[in-house]
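Just so it is clear, the structure is predicted and the values come from calculations on it, not from any experiment. Sequential numbering from 1 along the given sequence is applied to the chain's residues.
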Amino acid sequence: MTLAVTGVAVALPGAADPGALLRPAVAGADPVDPAALIGKKGLRFKDSATRLGLHLAHAALTDAGLLGPDGPTVPGDRIGTVVSSNLGNADTVCRAVETIAKESTQALSPMDTPNASSNIIASETAIRYGLRGPNLTVCNGRSSGLDAVRWAAVLLRAGRADHVLVTGVEPDNEVTRRLIGGPVADGGAALVLSRTPTGTPHALLGPVVRTARPAGTVAELTRRAPDGGLWFSPEADPVPAGADRVALTGWGELSGALGVVQCAAAVGWFAQGATRPAYALAGATGAALLAPESPA
């Protein structure tokens, strides 16, 4: 079964579309403002990662033609949600722990406590946009974003959903900077993967591979999807000798958003006219994406 990327969204400071990911990051760019896209209603008590995730979900679902003014344009129980975020609500959790340590559980805000759920981004996305299919969060280090893509593909191939929204997002704040040791991306990307696309998709999803080590993933990807043209991969991960690599640096630590941003960047590359396969690699997980004109 060939799966299609039918929707894509990017929300990073200075980058609002896939093509922008192929250009250098804009120093000092304004942060993403979710309220400008989806309005202020319902955002007041949400943490930063959830607001950014809602922004990305709205844009990607709209791009895929799955979201209209009155909600989903197809049955909501056939749309799933997979979110990747390693740092998402760390600020909320740390704030709650500090409040309990200094005062007691009675001092916790009832408006803030729900944000401590590890699945808060995915659950809020499903509630706001009426997505009643499978719903989960992946928090798996550097490979988390591509693992989310892999799990979305599993859900689709198993027939659990016809479309799956995959969101990779990380917030930049004092807590996440302290955990990472530097700036965090403060945004991310989202994809809609579909079993039954209508129209011409942005890209086709080729094999998604996870092995015991990155080198094994590279070998398996190139065996199953040969003649690739571009690797989206951190400098720390291996790519074939002489291959062109785009590391996607300049926005800060992408962490759990990395793999989804890599796939969005591949869509941007195809939009420029590329027809050879592109690869996304993050740790031991990798994915091949094909231009719509390419054989699956």
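- Taking 4.5 Å as the limit, some side-chain heavy atom of W231 sits within range of a side-chain heavy atom of L221.
- A salt bridge between R223 and E220 is present, with a side-chain N of the basic residue lying under 4.0 Å from a carboxylate O of the acidic one.
- Salt-bridge annotation for E235 and R245: present, with a side-chain N of the basic residue lying under 4.0 Å from a carboxylate O of the acidic one.
- Looking only at atom types and distance, the side chain of T176 has no donor-acceptor partner in the side chain of E170 under 3.5 Å away.
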Sequence neighbours excluded and cut-off under 3.5 Å, please list the side-chain donor-acceptor pairs for residues 5-30, or say none.
{"residue": "T6", "atom": "OG1", "partner": "V192", "partner atom": "O", "Å": "3.4"}
{"residue": "T6", "atom": "OG1", "partner": "S194", "partner atom": "OG", "Å": "2.8"}
{"residue": "D17", "atom": "OD1", "partner": "G19", "partner atom": "N", "Å": "3.0"}
{"residue": "D17", "atom": "OD1", "partner": "A20", "partner atom": "N", "Å": "3.0"}

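- Looking at R178 and E174, a side-chain N of the basic residue comes within less than 4.0 Å of a carboxylate O on the acidic one, giving a salt bridge.
- For the pair T125/T167, no side-chain contact is recorded, criterion being any heavy-atom separation below 4.5 Å from C-beta on.
- Annotation: salt bridge (Lys or Arg N to Asp or Glu O under 4.0 Å) contacts involving residues 145-165, sequence neighbours excluded, comprise R78-D162, D147-R150, D147-R210, D162-R195.
- Residue-environment remark: CD (Q272) exceeds the threshold of 12 foreign heavy atoms within 6.0 Å.
- Applying the side-chain hydrogen bond (donor to acceptor under 3.5 Å, both in side chains) rule to T211 yields the partners T217; only residues at least two apart in sequence or on another chain are considered.
- Between S84 and N140, every side-chain heavy-atom pair lies at or beyond the 4.5 Å cut-off.
- For D33 and H55, the side-chain atoms include no donor-acceptor pair closer than 3.5 Å.
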